[in-house]
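Okay, so here's the structure we're looking at.
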Amino acid sequence: MATVQPLRGEDRSAAIAEITRKLEERYVFPDRVAAIRARLKDGMTSGRYDIENPPAFAGRVTEDLRAASGDRHLYLNYAPGQFAAARAGDGKSDNRALEAFWERRARRDNQGLGETRILPGNIRYLRITAFEWVQDQTGVAYDAAMRFLRDGDAIVIDLRGNGGGSHAAVRYLLSHFMGADELDITFLQAGKDPVQSRTLDYLPAGRLKGKPLYVLISDQVGSAAEAFAYDVQQFRLGTLVGATTAGAANNNEFSPVAPGFMLSLSYGRPVHPVSKTNWEGVGVKPDVATDPDRALDLAQSLALAALLDRSGSDAGDRAEWEWARPAVDARVNPPRLQPAAMRQLAGRYGSQRILWSGGALHLARKNGKMARLIPLTKDGLFGVEGYDDHLHIRLTGEVMELQWSDEAAATRLPRSKD
């Protein structure tokens with residue numbers, strides 16, 4: 001890791017002067033520039049910016065930029081690698097060094113597609129860590145992810161912690177849940193004609209319209225990630241689960257500020273065709289509010305309930321949904337069982353033994369190890385730790401029922417009298 005060089009007084013003065021110049025030339029809200037300029041000047045004269053550490057300096061400047069503007073897209077980062085790449089292009093639009101910088105990041109992040117999983121009940125899960133976009137590369141990664149989601153009975157897209165990125169990636173993802181050539185947003189920029197963004201006509205993986213969709217959000221979701229969540233809500237494409245997002249809607253661009261900083265500057269704003277506004281300063285509110293740490297479990301519970309509420313579903317599919325639901329619901333609302341009552345369930349049932357140890361019931365396995373029983377319902381249904389919810393045990397005090405997920409009927413074992 002490269003050594004961070006301490007900032008000199010002239011470095012700080014030059015950086016503040018450059019930031020002020022860029023604000024006066026390009027900022028989308030010219031009426032706010034005077035207040036921001038005054039705040040930055042005060043930071044210099046008061047000694048507030050007398051910091052040698054570049055990241056700390058950037059953090060303090062960002063605090064003032066945002067306090068004076070109310071704009072979450074206005075900030076300063078210490079990013080020497082990105083700075084060097086941006087400067088290599090000398091202001092040219094076809095900066096190959098900067099393109100290579102973003103391509104490397106996108107490649108190592110799998111184009112922002114962090115994780116896919118099949119959740120119980122064939123709910124397909126996709127975590128998007130950032131909306132990255134590299135022409136002729138990112139779309140291929142999304143195609144594979146969309147084919148994976150397409151075969152699910154319901155879809156969960158996890159945006160928690162996603163700070164945003166490229167609108168091109170948002171449009172590509174959104175197009176899978178809407179029709180072709182539909183207006184999704186309009187971008188306004190002072191002195192220029194409005195620019196419309198419309199959904200794509202051709203998608204290699206096909207469309208996913210009509211799939212039950214749940215999108216997980218948190219207060220760390222910003223910018224482009226908020227745009228997708230806002231689209232889902234405004235177009236009624238699915239259900240948002242979690243907490244209100246950051247509230248950063250303006251279009252921003254990055255420009256280098258010596259020595260080694262990148263300034264994020266808002267230059268335009270989006271207008272949604274449904275709301276006729278955007279989410280700047282207010283964020284996107286969830287349809288179902290919960291602690292973001294619990295959002296995935298709650299989304300699964302909502303999805304399974306909705307699937308089971310459908311009429312005419314395949315019997316095999318319904319059996320999978322019904323099997324998955326107790327474990328998911330138990331994570332959302334853990335059943336409260338009294339220790340004394342559970343302890344009474346310990347004993348021998350046929351060839352199986354249930355033991356009470358450490359305040360929990362355990363299944364004694366044939367290898368001599370114990371697997372903890374996880375309460376799923378108040379009436380004695382348990383999951384078994386380490387079996388990935390493929391085994392359920394029901395204890396009545398007189399009978400044990402062992403039910404495997406791939407078997408049609410449970411095995412009933414009466415309790416031994418000894």
Side-chain angles (χ1 to χ4, degrees), residues 1-91 95 97-98 101-102 105 130 161 163-165 189-190 219-224 226 245-269 280-283:
M1 182 177 294
T3 302
V4 177
Q5 296 296 323
L7 290 175
R8 301 168 301 172
E10 53 264 40
D11 294 329
R12 295 189 290 269
S13 296
I16 295 300
E18 180 69 1
I19 292 168
T20 302
R21 184 183 68 79
K22 290 178 183 292
L23 283 163
E24 292 172 342
E25 290 180 353
R26 185 72 166 145
Y27 192 44
V28 67
F29 301 115
D31 57 313
R32 303 181 191 178
V33 171
I36 303 170
R37 184 172 54 231
R39 186 69 172 251
L40 294 175
K41 182 179 179 181
D42 180 70
M44 286 295 297
T45 58
S46 67
R48 175 172 162 78
Y49 298 156
D50 290 350
I51 304 171
E52 291 187 345
N53 180 267
F57 173 79
R60 192 157 292 182
V61 171
T62 294
E63 290 175 5
D64 287 348
L65 289 172
R66 287 179 168 172
S69 68
D71 181 354
R72 291 187 62 84
H73 266 129
L74 185 58
Y75 58 87
L76 187 70
N77 279 341
Y78 181 62
Q82 186 179 352
F83 171 86
R87 277 291 176 90
D90 196 26
N95 184 344
L98 190 57
F101 174 88
W102 291 117
R105 176 174 292 186
Q189 186 176 341
D219 60 357
Q220 293 181 319
V221 171
S223 192
E226 289 181 281
T245 62
N250 296 327
N251 308 120
N252 67 316
E253 62 186 5
F254 291 93
S255 60
V257 173
F261 298 101
M262 294 298 293
L263 175 67
S264 170
L265 190 68
S266 300
Y267 65 89
R269 62 186 178 89
E280 178 67 25
V282 296

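- We find the OH-CZ distance between Tyr267 and Arg26 to be 7.0 Å, quoted to the nearest 0.5 Å.
- Taking the side chain as every heavy atom from C-beta outward, Leu40 and Leu65 approach each other to under 4.5 Å.
- Contact detail for Ala88 and Ala97: the closest heavy-atom pair is CB-CB, 3.7 Å.
- Counting heavy atoms from C-beta on, the side chains of Asn250 and Glu280 come closer than 4.5 Å.
- The minimum heavy-atom distance linking Gly81 with Phe101 is given by the pair C-CE1, 3.8 Å.
- The OG atom of Ser13 lies 11.0 Å from the CZ atom of Arg8; values are rounded to the nearest 0.5 Å.
- Looking at every heavy atom in both residues, Leu76 comes nearest to Ala58 through O-CB, 3.5 Å.
- Residues Ser255 and Met262 fail the side-chain proximity criterion, which asks for heavy atoms closer than 4.5 Å.
- Within a 6.0 Å radius of CZ in Arg269, no more than 12 heavy atoms belonging to other residues, nucleotides or ligands are found.
- In this structure, the side chains of Arg72 and Glu226 stay at 4.5 Å or more apart for every pair of heavy atoms.
- Asp71 and Ser266 make their closest contact through OD2-OG, 2.6 Å (heavy atoms, listed as atom of the first residue, atom of the second, distance).
- Between Phe57 and Glu52 there is no side-chain heavy-atom pair separated by less than 4.5 Å.
- The CG atom of Leu263 sits 6.5 Å away from atom CG of Leu74, with the distance rounded to the nearest 0.5 Å.
- In this structure, NE2 on His73 lies 8.5 Å from CZ on Arg66, to the nearest 0.5 angstrom.
- Scanning all heavy atoms of the two residues, the minimum distance from Val221 to Gly161 falls at CG2-N, 4.0 Å.
- Considering CG of Asn77 and CZ of Phe261, their distance stands at 10.0 Å, rounded to 0.5 Å.
- Proximity of Asp11 to Pro6: side-chain heavy atoms (C-beta onward) are nowhere separated by under 4.5 Å.
- A salt bridge links Arg48 with Asp64: the distance from a Lys NZ or Arg NE/NH1/NH2 to an Asp or Glu carboxylate oxygen falls below 4.0 Å.
- No side-chain donor-acceptor contact under 3.5 Å links Glu18 to the backbone of Ala258.
- No donor-acceptor pair under 3.5 Å is formed between the side chain of Thr245 and the backbone N or O of Gly222.
- A donor-acceptor pair under 3.5 Å is absent between the side-chain atoms of Thr20 and the main chain of Arg37, judged by distance alone.
- Within the 4.5 Å cutoff, the side chain of Gln82 has heavy atoms near those of the Leu98 side chain.
- With contacts defined as side-chain heavy-atom distances shorter than 4.5 Å, the pair Ile16/Lys41 does not qualify.
- Within the model, atoms OG of Ser69 and CZ of Phe29 stand 9.0 Å from one another, a figure rounded to the nearest 0.5 Å.
- Between Phe254 and Tyr75, the ring planes lie perpendicular to each other; the angle is over 60°, past the 30° to 60° tilted range.
- Nearest approach of Phe83 to Gly260, heavy atoms of both residues: CG-CA, 3.5 Å.
- Put simply, the side chain of Arg12 gets close to the backbone of Ile51: a donor and an acceptor are under 3.5 Å apart.
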